[in-house]
Structures are given as structure tokens and as C-alpha cells.
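Encoded as C-alpha cells, the structure appears first; notes follow it.
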Amino acid sequence: MNRATLIQGLPKVDLHTHLAGTMSAETLRELADKAGLSVPDNVYQIESADDFLAKLNLVVEVLKGPDDFELITYEYLSRAARSSNLRHCELSFNPTLFPRQQYPDILAAIRRSAESARREFGISSLLIPSICRDQGAGVAEEFLDLVLAHRESDIAGIGLDGDELAAPPEQFVDVFRRAGQAGLKRTAHVTYPPASRVLYCVDELGCDRIDHGYYVLEDPKEAQTVADRQIPLTVCYSITCKSRGWNLESHPIGPMLAHDFNLSLGTDDEAFVATDIGNEYVKVCEGYDLSMEEVGVLLHAGVNISWADEGRKAELHSEIDVALAAATTGSISNE
Ligand SMILES: [Zn+2]
């Protein structure tokens with residue numbers, strides 16, 4: 001077996017995936033037709049970070065109710081199980097982009113598909129309702145009320161995504177602190193400078209981990225602190241190559257790996273770059289020439305960073321160890 005095929009098949013987690021961004025082109029077309037909407041042919045071709053956010057909004061619009069969420073959740077989980085040996089995922093979605101009264105039904109629909117995937121493929125799933133920051137701090141407070149009113153055991157925490165330039169994290173300190181007091185874990189997208197923003201979100205918003213966080217490298221002192229404190233970052237290679245124009249040489253993941261940052265790979269919005277979590281591992285592990293031991297460190301870090309309970313984490317660590325042991329005793333060819 002060649003190394004890429006082997007890495008693709010190792011058990012893994014994905015902690016950074018947005019449900020709306022997982023829709024295959026066929027499903028997108030099908031749901032658009034059903035909703036009577038026309039979606040441009042180039043919707044999955046992104047030119048820049050702004051273009052990506054605009055196109056993601058078009059994709060979200062085709063989701064009209066619980067049935068659509070049930071479909072895309074099941075499609076995503078079953079596809080990732082087969083293609084990438086996904087074993088645990090933490091799925092983000094934005095409740096306030098849909099009518100508030102639909103939220104309990106949308107939540108139930110996503111949970112039904114997550115339960116089917118657990119039964120059929122053994123994948124564990126947690127949900128991350130996420131604040132769409134463009135809607136402002138007032139809507140974010142309503143969002144938290146909604147999340148707390150319909151709290152299920154698989155809602156591990158909240159996220160913060162959307163247009164960071166329009167709404168920086170300073171606007172969400174209060175709502176994040178209230179979420180923390182209610183016992184929710186917290187993550188936030190940090191996709192723009194200043195470099196200090198990663199630690200700001202950890203220290204002021206109480207984030208348990210950060211999504212992306214690349215620009216911390218612009219300040220060596222901040223970067224060293226993030227590495228020393230082992231702040232968990234979920235990093236997404238393919239989508240940021242596309243939206244930021246990065247490649248293997250210029251992508252911040254390279255120096256982050258070299259300086260032992262606490263990283264887990266995610267897909268972000270896989271349909272926009274025709275990827276899956278297995279392929280992300282292959283690109284990064286092969287691209288940066290990681291040893292199998294280093295691949296193992298990355299896989300285990302994903303489990304450690306996850307919000308799964310300790311029992312599930314132990315199962316996932318053990319699955320990874322068994323698969324890695326089999327891989328190192330088997331033959332890896334360079335074909
Ligand atoms: Zn994201």
C-alpha cells in the first residue's frame with residue numbers, strides 16, 4: 001500500500017467543518033431546484049476570502065428546512081466514513097441564518113443523521129452551533145438564548161464565524177463569557193491580523209481552541225506564547241490555499257508544524273475545494289514530509305483537542321495506535 005492510501009485510511013477526527021459547506025454539487029443543485037432558486041455554475045470556484053464568504057451565503061440559502069439538514073448531515077458523515085475513516089467530528093452550523101422557530105426541528109434533524117452515522121459507521125458527532133458574527137452582538141445574545149433553551153448532550157460548545165473584518169471578536173466578549181458560565185466550550189475563527197487576536201480570543205473570550213489562527217506568526221513573541229501554551233488550533237489547508245493564495249511553501253501550517261504548535265487538521269468547507277479530511281491529511285503529511293511518527297502526533301492531537309468525553313477519547317487514541325502499529329509493521333511502498 002502506498003503512504004498516501006495508508007494515511008487516507010487512518011482513523012481520524014475533523015473538528016472544523018461547516019455543515020453547509022459539505023454539500024456536494026449534485027445535492028446543492030437538487031436543493032436549489034426544490035427551493036426554486038438558481039445557483040451560479042461557478043459557486044464552488046472561489047477567488048478570494050471575500051468571494052468565498054459571498055458564495056457560502058448562496059449555498060446556505062438553498063437550505064430551507066429540517067429535511068435538508070438531515071440529508072446533508074447524513075451525506076457528509078457517510079461519505080467521510082468511507083473516504084477518510086472519519087471516527088469523530090464536531091460539526092458547525094449557524095442557527096440564526098434560519099427562522100428561529102425552525103431551530104428545534106433543524107437540531108433534531110441533524111441529530112437524527114448523526115445518530116444514524118453512529119449506528120452505521122461508528123462515528124461520534126458533537127455539534128457546534130455557531131454565531132454568524134455579521135449579524136452583530138445583539139443577535140449573538142439571542143443565539144445563545146436559543147442554544148441554551150434547546151440544549152442537548154451533543155452540543156459541546158459554540159463557535160464564532162462569518163465576516164471577521166465587519167465584526168471583530170471584541171464585540172462578542174459578553175456573549176462568550178455567558179456561554180462559558182453556562183458550561184459551554186468555546187471556539188472562534190481567527191482569520192485576520194493582528195497577531196494578538198489568537199491570545200485575545202483565548203484570554204478574553206475564554207476560547208478553548210481557535211479555528212485557523214495563522215496570522216499569529218506575524219509576531220514571533222505571540223507565536224512563541226501560542227506554541228508554549230499549546231493553544232489548540234484547527235487548521236484547514238486546501239480552503240486557505242484557495243482563498244488566500246497560499247501553497248506548500250507559503251502556507252503558515254509549515255512553520256506551525258516546525259514549531260510544534262498544537263494543531264488539528266480540518267476541512268472547513270470541503271465542497272468548495274473538492275476535498276475530504278483524508279485528503280487534507282495526505283496533502284499536509286506528504287507535502288511537509290512528515291514521518292509516520294509525526295502523522296501519529298497530528299492524529300492524536302486531534303483527539304486531545306476534541307470536545308469528546310474522556311471515554312470516547314480513549315477509544316479514539318486506541319484505534320489510532322492500533323492502525324499505526326499495523327501500518328508500521330506492514331509494508332509501505334513509495335509508489
Ligand atoms: Zn471555518
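Whatever order the structure lists ligands and atoms in, that order sets their numbers, starting from 1. Heads up: numbering here begins at 1 and tracks the sequence. In what follows, every heavy atom counts, from backbone to side chain, and hydrogens, waters and symmetry copies are set aside. Just so you know, these numbers come straight off a predicted model, no measurement behind them.
No other N/O/S atom of H16 lies as close to the Zn ion (ligand 1) as NE2 does. Note on D268: its N/O/S atom closest to the Zn ion (ligand 1) is OD1.
Y214 does not carry R197 over the face of its six-membered ring by the limits of under 6.0 Å from the centre and within 45° of the normal. Because its NZ or CZ atom is both nearer than 6.0 Å to the ring centre of W307 and within 45° of the ring axis, R209 counts as a cation-pi partner of that residue.
Taking backbone and side chain together, H18 holds an N, O or S atom under 2.8 Å from the Zn ion (ligand 1). Taking backbone and side-chain atoms together, H212 has no N/O/S atom less than 2.8 Å away from the Zn ion (ligand 1).
Relative orientation of the Y103 and F93 rings is parallel, given thresholds of 30° and 60° on the angle between their planes.
Salt bridge R82/D276: absent, no basic N to carboxylate O contact under 4.0 Å.
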